[in-house]
Amino acid sequence: MSHAAFELLENSLHPMTECLTPQSARRIVAMKASDEVQQRIDELADKCNEGEMSADERAEYEMFVWVGQYISGLQASARKMLAQA
């Protein structure tokens, strides 16, 4: 993710992170994909690396990547909030 894209993401998350409590921030930091979701992501990543993805699978994989980046940004904001608390 480019610096500009990360900055845009961080700015879009700011209003949400203003509502965090230490407890909710810790829960966000601890978030991770379920085993079922992680298995699907791994399967799609393998297909992507092997060049064997359908258009639907590519769209699904791109959605997982986008959601992962969004959650990572939210987790970074939650960590920052906890560090300042």
Side-chain angles (χ1 to χ4, degrees):
M1 178 183 287
S2 71
H3 179 71
F6 185 78
E7 213 171 280
L8 181 62
L9 176 61
E10 189 174 48
N11 289 340
S12 73
L13 292 170
H14 185 72
M16 185 185 312
T17 58
E18 287 182 333
C19 302
L20 293 178
T21 64
Q23 180 183 5
S24 62
R26 283 190 290 276
R27 291 185 73 182
I28 288 169
V29 168
M31 284 175 53
K32 67 177 195 161
S34 69
D35 290 343
E36 180 182 357
V37 169
Q38 189 60 56
Q39 183 178 3
R40 180 63 177 157
I41 292 168
D42 293 344
E43 178 184 322
L44 291 169
D46 288 343
K47 285 186 169 193
C48 183
N49 290 336
E50 295 167 9
E52 299 176 355
M53 271 187 153
S54 69
D56 286 344
E57 288 170 329
R58 179 164 299 285
E60 181 183 4
Y61 187 56
E62 288 173 356
M63 182 269 311
F64 280 126
V65 169
W66 185 89
V67 168
Q69 290 174 334
Y70 192 83
I71 290 171
S72 291
L74 185 57
Q75 288 174 322
S77 295
R79 283 186 196 94
K80 184 177 179 180
M81 180 272 219
L82 289 169
Q84 293 172 351

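- A search for side chain to side chain contact (heavy atoms under 4.5 Å, CB included) contacts involving E60 returns R40, L44, F64, not counting sequence neighbours.
- Checked against side chain to side chain donor-acceptor pair (under 3.5 Å), R27 has no partners two or more places apart in sequence or in another chain.
- By the neighbour-count criterion of 12 heavy atoms within 6.0 Å, atom CD of Q23 is sparsely surrounded, having that number or fewer from other residues, nucleotides or ligands.
- Taking the side chain to side chain contact (heavy atoms under 4.5 Å, CB included) definition, one finds that E52 meets it with E50, sequence neighbours left out.
- Checking side-chain atoms of Q75 against main-chain N and O of I28 turns up a donor-acceptor pair under 3.5 Å.
- Remark: E62 engages no residue in a salt bridge (charged side-chain N to carboxylate O under 4.0 Å, His left out) (not counting sequence neighbours).
- A45 meets the side chain to side chain contact (heavy atoms under 4.5 Å, CB included) test with Y61; sequence neighbours excluded.
- Taking M81 as the reference, L20, P22, A25 meet the side chain to side chain contact (heavy atoms under 4.5 Å, CB included) condition, with sequence neighbours excluded.
- Counting heavy atoms of neighbouring residues, nucleotides and ligands inside a 6.0 Å radius, atom CD of E43 exceeds 12 of them.
- Counted by atom type alone, Q38 and D42 present one or more donor-acceptor pairs between their side chains at under 3.5 Å.
- The local environment of CG in D35 is sparse, with at most 12 non-hydrogen atoms from other residues, nucleotides or ligands closer than 6.0 Å.
- Interatomic distance, CD1 of I41 versus CD of E36, reported as 11.0 Å (0.5 Å rounding).
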